[in-house]
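The structure under discussion appears below in the form of structure tokens.
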There are 2 protein chains.
Amino acid sequence: MDAEYFLKLENQLCFSIYACSREITRLYRPILDQLELTYPQFLALTVLWEHKRLTVKEMSELLYLDSGTLTPMLKRMETMDLLKRERSREDERKVFIELTEKGVQLRKDALQLPEKCIPHFGLSKTEYYELLQKINQMITSLQKVTRTNNEVK
Amino acid sequence: MDAEYFLKLENQLCFSIYACSREITRLYRPILDQLELTYPQFLALTVLWEHKRLTVKEMSELLYLDSGTLTPMLKRMETMDLLKRERSREDERKVFIELTEKGVQLRKDALQLPEKCIPHFGLSKTEYYELLQKINQMITSLQKVTRTNNEVK
DNA sequence: TAAAATCAAATTGTGCACAACTTAATTTTA
DNA sequence: TAAAATTAAGTTGTGCACAATTTGATTTTA
């Protein structure tokens with residue numbers, strides 16, 4: 001492994017991925033602005049459109065975000081009348097998140113997002129799927145290290 | 001294009017890339033902690049190791065970060081004695097950034113980063129390069145839209 | 001060459017991201 | 001079954017990211 005080589009910015013895959021992530025968010029922003037959503041809020045809605053009702057913990061596992069990020073964001077979204085937060089009666093440590101009618105309805109408007117944005121990725125259908133698969137493979141590998149006690153040192 | 005399909009979290013390439021970016025940062029963190037650096041600070045050092053002296057504008061173009069992000073970060077790094085900020089005499093709008101001896105020396109310690117981290121990406125050499133290329137291709141496509149006035153609406 | 005336009009950096013304000021910690025509830029175990 | 005351990009959510013504090021705006025310098029142009 002040539003450490004000198006990989007220390008150059010242009011050869012750092014981590015930088016490319018980090019920059020690409022922000023570039024996609026920038027692409028999405030004008031449309032999300034119309035829906036009055038941020039990108040993380042849109043992701044939170046996405047999992048709620050799929051699962052109806054989730055605890056904060058479950059959302060945290062789906063989005064890889066912790067309660068320190070989710071709690072304040074969900075509170076903001078509650079204020080915006082997109083969702084309800086309700087503490088579980090069976091286990092009072094848990095808080096259930098459920099969409100309001102407004103939150104459910106927003107899905108219709110959000111459908112334009114993939115249609116308007118994905119063409120700008122500059123990828124063929126095949127490239128899109130292959131890239132998705134590769135990145136997911138990478139996430140799985142990374143989580144083996146980052147989600148255990150085997151910290152890299 | 002099946003918008004319903006692409007609205008599912010698992011099919012969203014943007015989510016994968018966003019999650020992957022954070023997962024890599026998490027992998028890097030224990031090592032960067034030892035160097036007392038954050039990931040964006042490490043990137044700032046990376047471009048300064050390559051270019052010796054840069055204006056804020058030039059760093060902003062290399063890292064795709066604006067002055068609102070860079071100025072406070074560079075001030076923190078100046079306090080940490082990693083770099084100097086000096087306003088240009090020829091054009092007083094510009095501020096030059098240059099590494100201190102401490103900033104230069106940190107490069108030696110940073111060399112361990114790629115060596116220790118890249119193996120955990122779970123990619124072969126070929127896969128690494130292909131992925132790097134694909135992501136860079138994607139960034140270029142995205143910038144055609146995000147870095148012009150043709151906003152997606 | 002003086003006004004208008006542009007430019008570079010800094011500032012302000014909002015919203016993540018996340019480490020570290022706290023609180024309160026539930027589960028485990030001695 | 002009471003103490004210890006674990007768990008879920010919330011809190012606190014720091015550091016990005018970035019839009020929008022401001023400040024001051026330089027360039028363009030009428």
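Below, chains carry the letters A, B, ... as their sequence lines are ordered, and counting in each starts from 1. Keep in mind the model is a prediction, meaning the values are calculated, not measured.
- Nearest to the side chain of A:V56, among C:dA17, D:dG10, C:dT6, sits D:dG10.
- Under the rule for a salt bridge (Lys or Arg N to Asp or Glu O under 4.0 Å), the partners of B:E127 that lie at least two apart in sequence or sit in another chain are A:K134.
- Here C:dA17 presents its C1' atom at 14 Å from CG of A:L74, a figure rounded to the nearest Å.
- In this structure, A:M80 atom CE and C:dT14 atom C1' are separated by 12 Å, rounded to whole Å.
- By the rule that hydrophobic residues join a cluster once side-chain heavy atoms approach within less than 4.5 Å of another member, B:V47 and B:L99 end up as members of one cluster.
- Both B:D91 and A:T25 lie close to DNA chain D; mapped to their nearest nucleotides by heavy-atom distance, the more 5′-ward contact belongs to A:T25.
- B:M77 places its CE atom 13 Å from the C1' atom of D:dG15, with the value rounded to the nearest Å.
- Among C:dA10, D:dA9, D:dC18, the nucleotide with an atom closest to any side-chain atom of A:R22 is D:dC18.
- Spacing between atom CD of B:E78 and atom C1' of D:dG15 amounts to 18 Å, rounded to whole angstrom units.
- The side chain to side chain donor-acceptor pair (under 3.5 Å) analysis of residues 32-48 of chain B, with sequence neighbours excluded, yields no pairs.
- Between A:P40 and A:R93, the residue whose closest nucleotide on DNA chain C is further toward the 5' end is A:P40.
- Going from atom NZ of A:K94 over to atom P of D:dT6 covers 18 Å, rounded to whole Å.
- Remark: P of D:dC16 and CG of B:D66 are 13 Å apart, rounded to the nearest angstrom.
- Taking only distance into account, the side chain of B:T38 never meets the base of D:dG15 through a donor-acceptor pair shorter than 3.5 Å.
- Among the heavy atoms of the strands, none lies under 4.0 Å from B:F96.
- Going from atom CD of A:E36 over to atom P of C:dG15 covers 12 Å, rounded to whole Å.
- Backbone-only contact: A:T55 has heavy atoms under 4.0 Å from sugar-phosphate atoms and none from a base.
- Look at A:R87 and you won't find any side-chain N or O under 4.0 angstrom from OP1 or OP2 of D:dA9.
- Residue A:Y18 has a polar side-chain atom (N or O) positioned under 4.0 Å from OP1 or OP2 of D:dA17.
- Within the 4.0 Å cut-off from OP1 or OP2 of C:dC16, at least one side-chain nitrogen or oxygen of A:R76 is found.
- In this structure, A:E23 pairs ionically with A:R26, as a charged nitrogen and a carboxylate oxygen lie closer than 4.0 Å.
- Closest approach to the A:M73 side chain among C:dA9, C:dT26, C:dC16 is made by C:dC16 (side chain taken as heavy atoms from C-beta onward).
- Residue A:T71 places at least one side-chain N or O closer than 4.0 Å to OP1 or OP2 of D:dG10.
- Residue B:L45 is grouped with residue B:Y64 when hydrophobic side chains (ILVMFWY) are merged at heavy-atom distances under 4.5 angstrom, including chains of intermediate members.
- Each of A:T69 and B:E58 lies near DNA chain C, and the nucleotide nearest B:E58 is the one positioned closer to the 5' end.
- When the side-chain nitrogen and oxygen atoms of B:K75 are compared with OP1 and OP2 of C:dT11, one or more of them lie within a distance under 4.0 Å.
- Residue contacts shown for B:E90 are limited to sugar-phosphate atoms, with no base heavy atom under 4.0 Å away.
- Distances were taken from every side-chain heavy atom of A:L65 (C-beta onward) to each of D:dC18, C:dC18, D:dT26; the shortest belongs to C:dC18.
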**OP:** Could you give me the CA-CA distance, side-chain angles and deciding distance for A:E4 and B:R107, then say whether salt bridge (Lys or Arg N to Asp or Glu O under 4.0 Å) is met?
**Re:** CA-CA 10 Å; A:E4 294 281 345; B:R107 188 176 188 279; 2.8 Å; yes

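- As a whole-Å value, the separation of A:L37 CG from C:dT14 C1' is 15 Å.
- The side chain of B:R85 places an N or O atom within less than 4.0 Å of a non-bridging phosphate oxygen (OP1 or OP2) of C:dA10.
- The side chain of A:R26 lies closest to D:dC18 when the candidates are D:dT27, D:dA9, D:dC18.
- With contacts defined as side-chain heavy-atom distances shorter than 4.5 Å, the pair A:L9/B:L63 qualifies.
- Comparing C:dA8, C:dC16, C:dA9 by their nearest atom to the side chain of A:Q41 picks out C:dC16.
- The side chain of B:S67 lies closest to C:dA9, out of C:dC16, D:dT7, C:dA9.
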